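First up is the structure itself, then whatever we jot down about it.
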Amino acid sequence: MKELAEIWSELLGLPPDEIPHDVGFLRLGGDSVLAVRMSALVRKRLGVALALSDVRVETTLDDLAELVRRHASGGAPATRALPLTVTPRPDPHAEFPLLPLQQGYFVGQQDGWELSYDSAHYYLDYALTGVDGDEAADALADAVERLAAHQPTLRARVTSDGRQHVLPADAPGAVPQVRVYDLREASPGEIATALRDVRQEMSTHGPDPTSGPGIDVRLTLLPGDEGRLHLGLSLLLFDGWSSSVLSRDLLTFAADWNAALPPLDIHFGDYVTSLADLPATEAWQADRDWWWSRLDTLPGPPALPLAADPQEVRPVTMGNREHRWSAGSWAALRRQCTDRGVTPSTAMLTAFGVVLARWAGHRRMLLNSLQLNRLPIHPEVQRVVGAFAATMLLPLDLAAEATFAELAAAVQATSGEHAAHNLITGVEVGREVARRRGSWRPVGPVVFQSVLGVDAAMGGGPPEEAGPLGQVVASDYFHQLRTPQVAIEVRCFELGPEMVAVFSLVEELFESDQVTAAFDEFVALVDALADGSGWDRLPGLPGTPEPAPGGGLRLGLLPEPAVRHREGPPAGDLEQAVADVFEELLEVPVLDRAADFFGLGGDSLLAVRAVVRLAKEAGASVPVREFLSDPTVAGVAAVVRARLGDQR
C-alpha cells in the first residue's frame with residue numbers, strides 16, 4: 001500500500017500520508033491519461049502488469065491494492081492477462097508490419113478513401129525569443145541528429161506495399177536534415193510573406209516516410225533575437241503522445257550540447273513485433289467476441305447536413321475553429337468535473353455529442369475516438385516514439401430528458417466499458433462493420449480527440465528554455481492537420497495553464513455558418529460547465545433517437561454504389577489473372593468472378609498490395625480508390641481493362 005500511495009502522490013501532487021484509501025482516483029484529481037501512467041508505474045516499480053481495462057478513474061487506493069495483490073498472487077482474472085514480452089529484435093533494421101491505424105493512414109495516402117490526402121500529417125510552428133542567431137541552427141541540427149540516434153523512429157521508412165523499417169543511423173538520408181531561413185535582416189513584409197509560404201508548403205506537403213524522413217524540422221531566424229520552430233510530423237509514424245515526447249527530447253538536446261537521456265531498452269519495432277502473439281491470447285479473443293456481438297446494432301455517424309458528397313471533394317487542408325479558455329476557466333472546469341465525478345475529457349466529449357445531436361437532429365450516433373493505446377507490456381513503452389495510437393468506435397445514446405450531468409455520467413460509463421475492450425481497435429471494428437453493411441464509405445468520419453492531462457502524465461509541461469534556441473513561447477503557435485477519412489473532429493489539449501479546443505474539418509463538406517454556429521454553441525456549453533450553471537440543465541436534445549430519412553445530403557445517409565456482376569467462373573485471361581492475385585494474397589480459392597475482395601477476408605492494406613501486384617502482372621496501374629469502389633474480380637478486371645485501353 002505504501003508504494004501505491006507514493007505513486008499516487010507523484011501523479012496527483014498530494015502527500016502520500018494524506019491520500020484517503022476510499023476515495024476514487026478521479027475525485028483526487030486524476031483522469032484517464034494519468035491512469036495510463038499509473039499502470040506503467042505500477043509495472044515498473046512493483047513488477048505487476050495491469051491491463052488498461054483494470055484501472056478505472058473511479059478506482060480507490062484500496063481497490064488498486066487489492067487488484068495488485070490478486071495479480072501478484074496469480075488470482076487476477078486470466079481473461080485480461082497479456083502474456084506478451086517485448087524484447088529487442090535480433091535485427092533492429094528488419095521490416096515489421098504497420099499497426100491498424102497506420103494502415104488506414106497509408107491507404108489514405110494512396111488516395112484510397114474519400115477525404116484522402118497525399119500525406120497524413122500534423123504541422124506546427126511556435127515562437128522563440130532570446131535566440132542566439134549564430135548558434136541556434138547548429139544546436140538544432142545537432143539535437144535532431146542525437147534525437148534520431150535516441151529514437152530510431154525518426155529514421156523509419158514505409159515500403160510501397162505497406163511495411164516499415166528503420167534505416168541505420170549512417171545510411172544516406174537516414175537522419176532528417178534541418179532547414180534554416182535567416183530573415184534577421186528582412187523587412188516586416190518580407191517576413192510575413194516568407195512565413196506564409198513556409199506554412200503553406202509544410203501544411204500541404206507534409207513529410208512522407210514512403211520517400212524520406214517522416215519528420216520535417218525547420219527554423220526561421222527573425223530580427224530582435226526572435227525565431228520560429230517549424231515541425232511537420234507524419235501521422236504514419238508519430239501519434240500525439242509521441243509528438244510530446246519528441247518535442248521534449250528535442251528541446252532537451254538543443255538546450256545542452258552535452259545532454260544525455262536515459263537509453264531505451266526497446267523501440268517501436270520491438271513493441272509491434274511482440275503484438276504478433278496478441279490474437280492467440282484469451283484477452284484478445286474475448287475482446288473480439290465482445291465487439292463482434294455488438295456490430296449489427298451500432299448506429300451510424302451523426303447525420304450532419306452536407307454541402308457536398310465526400311466522394312466528390314478533394315480537400316487540401318482541414319479548416320479550424322479554435323477557442324482558448326483562460327487558466328481560471330480551465331481550473332474552474334476541472335473543479336466542476338471533479339465534483340460531478342467525471343473527467344474533463346468526458347465533459348468535452350459529452351458537450352460535443354450534445355452539439356452534434358442538435359445539429360444532426362437525432363440523439364443516437366457513432367463517434368470515432370482517438371486513444372493512446374500503449375499496452376503496458378513493458379516499463380519503457382511510455383518513453384518510446386512511434387505510432388501507437390488507435391481509434392475506438394464509441395456509440396452515444398443521449399437520453400432526451402436527462403440533465404447534462406446525467407448525460408456525462410452515462411457517456412463516461414459507456415466510454416469506460418468500450419475502452420476496457422481495447423485490444424480490438426476501431427480500425428479493425430470499422431472494417432468488419434463496413435463488410436457487414438456492404439459499405440465502402442468511412443464508418444466513423446466524426447472524431448473526438450482529447451489529450452487533456454498529458455502534461456501531468458509526463459511529469460510536467462515541456463521545457464521552456466532551449467539553450468541557443470532561446471525560450472519557447474508555446475502560446476504563440478500556428479497549426480494545421482490532414483487526417484484521412486475524417487469529416488470533422490474536435491481536439492482538446494492543454495496549453496500551459498490554459499485549455500484549447502479546435503474543430504478541424506473539411507470545409508468543403510459543410511455550410512460555413514452551420515459550422516460556426518455549432519462551434520459557438522460548443523464554446524457556450526463548456527463555459528456554462530465551467531461556471532457551474534450548465535450541469536443541471538436539460539440540453540434540449542431532439543426527440544427522435546434516429547435520423548429521419550430525406551433532407552438532402554447527410555453524413556452517414558449517403559448513397560452506396562450498387563455493384564452487381566454476373567456470377568460464374570472468371571471470364572477470360574484478365575479476370576483469371578485478377579483472381580490469381582486475390583488467391584495469392586488472401587490464401588483462399590477464388591472461383592467466382594463476382595467474389596468480393598473484402599468478403600473473402602481482405603482489408604485495405606492488402607488491397608494496396610493487390611494494386612502493386614496487378615501493376616506487375618497485368619501491366620496497368622489501378623488507382624486504389626477505383627479498386628475499393630468495386631473490389632470484385634470482375635470489377636477490378638474492368639478497371640485494368642480500361643487502364644490498358646487508355647495506355648494504348
Side-chain angles (χ1 to χ4, degrees), residues 23-32 35 56-60 297-299 301-304 323 325-326 328-367 369 392 394-420 446-450 452-453 488 490 492 499 501 503 517-548:
V23 178
F25 189 65
L26 174 63
R27 291 282 184 180
L28 296 173
D31 56 31
S32 55
R56 305 291 188 91
V57 292
E58 300 86 359
T59 299
T60 67
T297 60
L298 287 178
L304 302 175
H323 185 81
W325 282 269
S326 69
S329 294
W330 173 218
L333 178 61
R334 293 199 305 273
R335 289 193 299 269
Q336 290 287 341
C337 289
T338 299
D339 292 344
R340 301 286 177 163
V342 299
T343 66
S345 292
T346 294
M348 302 299 279
L349 170 59
T350 307
F352 188 44
V354 166
V355 170
L356 290 171
R358 292 172 175 169
W359 189 2
H362 63 99
R363 296 181 282 105
R364 189 167 179 267
M365 65 190 71
L366 186 68
L367 300 186
S369 175
M392 179 181 75
L394 181 64
L396 295 187
D397 194 351
L398 304 175
E401 299 303 321
T403 65
F404 186 91
E406 291 168 337
L407 291 174
V411 168
Q412 182 155 293
T414 300
S415 181
E417 181 185 21
H418 285 69
V446 180
V447 177
F448 175 81
Q449 178 183 359
S450 172
L452 298 175
I488 184 170
V490 64
C492 306
M499 180 184 72
F503 274 20
F519 187 68
D520 290 346
E521 186 178 337
F522 177 78
V523 171
L525 183 49
V526 175
D527 285 341
L529 298 178
D531 67 27
S533 65
W535 293 91
D536 298 319
R537 294 177 186 169
L538 296 177
L541 294 170
T544 175
E546 305 293 343

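Residues take their numbers from the sequence shown, with the count starting at 1. Treat the numbers as computed from the prediction; the structure is a model and nothing was measured.
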Legend entry - Val447/Ile488 under side-chain contact (heavy atoms from CB on, under 4.5 Å): CA gap, chis, key distance, verdict: CA-CA 6 Å; Val447 177; Ile488 184 170; over 6 Å; no
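- When all heavy atoms of Ala357 and Leu541 are compared, the pair lying nearest together is CB-CD2, 3.9 Å.
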Inset, instruction - Would you please test Leu529 and Gln336 for side-chain contact (heavy atoms from CB on, under 4.5 Å) and show each step? - result: CA-CA 7 Å; Leu529 298 178; Gln336 290 287 341; 6.0 Å; no
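- Closest non-hydrogen pair, Pro299 versus Arg364, comes out as CB-NH1, 3.6 Å.
- Shortest non-hydrogen contact noted between Gly361 and Thr544 is O-CG2, 3.3 Å.
- Looking only at side-chain heavy atoms (C-beta outward), Met348 and Leu333 come within less than 4.5 Å of each other.
- The nearest pair of heavy atoms linking Ala408 to Thr346 is O-CG2, 3.4 Å.
- Of all non-hydrogen atoms in Leu396 and Gly353, the two that sit nearest each other are CD1-CA, 4.1 Å.
- With hydrogens and angles disregarded, a donor-acceptor distance shorter than 3.5 Å links the side chain of Arg363 to the backbone of Leu398.
- Note that CG of Leu366 and CG of Asp397 are 12.0 Å apart. Values are rounded to the nearest 0.5 Å.
- The aromatic rings of Phe522 and Phe352 lie perpendicular to each other, with more than 60° between the two planes, well past the 30° mark.
- Atom-to-atom distance recorded for Trp535:CH2 and Thr350:OG1 is 7.5 Å, nearest 0.5 angstrom.
- Side-chain atoms of His362 come within 3.5 Å of backbone N or O of Ala303 as a donor-acceptor pair.
- Between Leu367 and Pro302, some side-chain heavy-atom pair lies under the 4.5 Å cut-off.
- The distance from the CE atom of Met392 to the CZ atom of Phe448 is 10.0 Å, given to the nearest 0.5 Å.
- Distance check, rounded to the nearest 0.5 Å: CE of Met365 to CG of Leu394 gives 11.0 Å.
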Inset, instruction - Show your working on side-chain contact (heavy atoms from CB on, under 4.5 Å) between Leu538 and Glu406 and close with a plain yes or no. - result: CA-CA 10 Å; Leu538 296 177; Glu406 291 168 337; 5.7 Å; no
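- Residues Val526 and Met499 are in side-chain contact: their nearest non-hydrogen atoms beyond the backbone lie under 4.5 Å apart.
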Inset, instruction - For Leu452 and Trp330, run side-chain contact (heavy atoms from CB on, under 4.5 Å): C-alpha distance rounded to whole Å, both residues' side-chain angles, the deciding distance at 0.1 Å, then the answer. - result: CA-CA 11 Å; Leu452 298 175; Trp330 173 218; 3.9 Å; yes
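- Nearest heavy atoms, Ala518 versus Trp359: CB-CE3, 3.7 Å.
- A donor-acceptor pair under 3.5 Å is formed between the side chain of Gln412 and the backbone N or O of Gly341.
- Side chains of Leu525 and Phe404 form a contact here, defined as non-hydrogen atoms less than 4.5 Å apart.
- Within the 4.5 Å cutoff, the side chain of Val490 has no heavy atoms near those of the Phe519 side chain.
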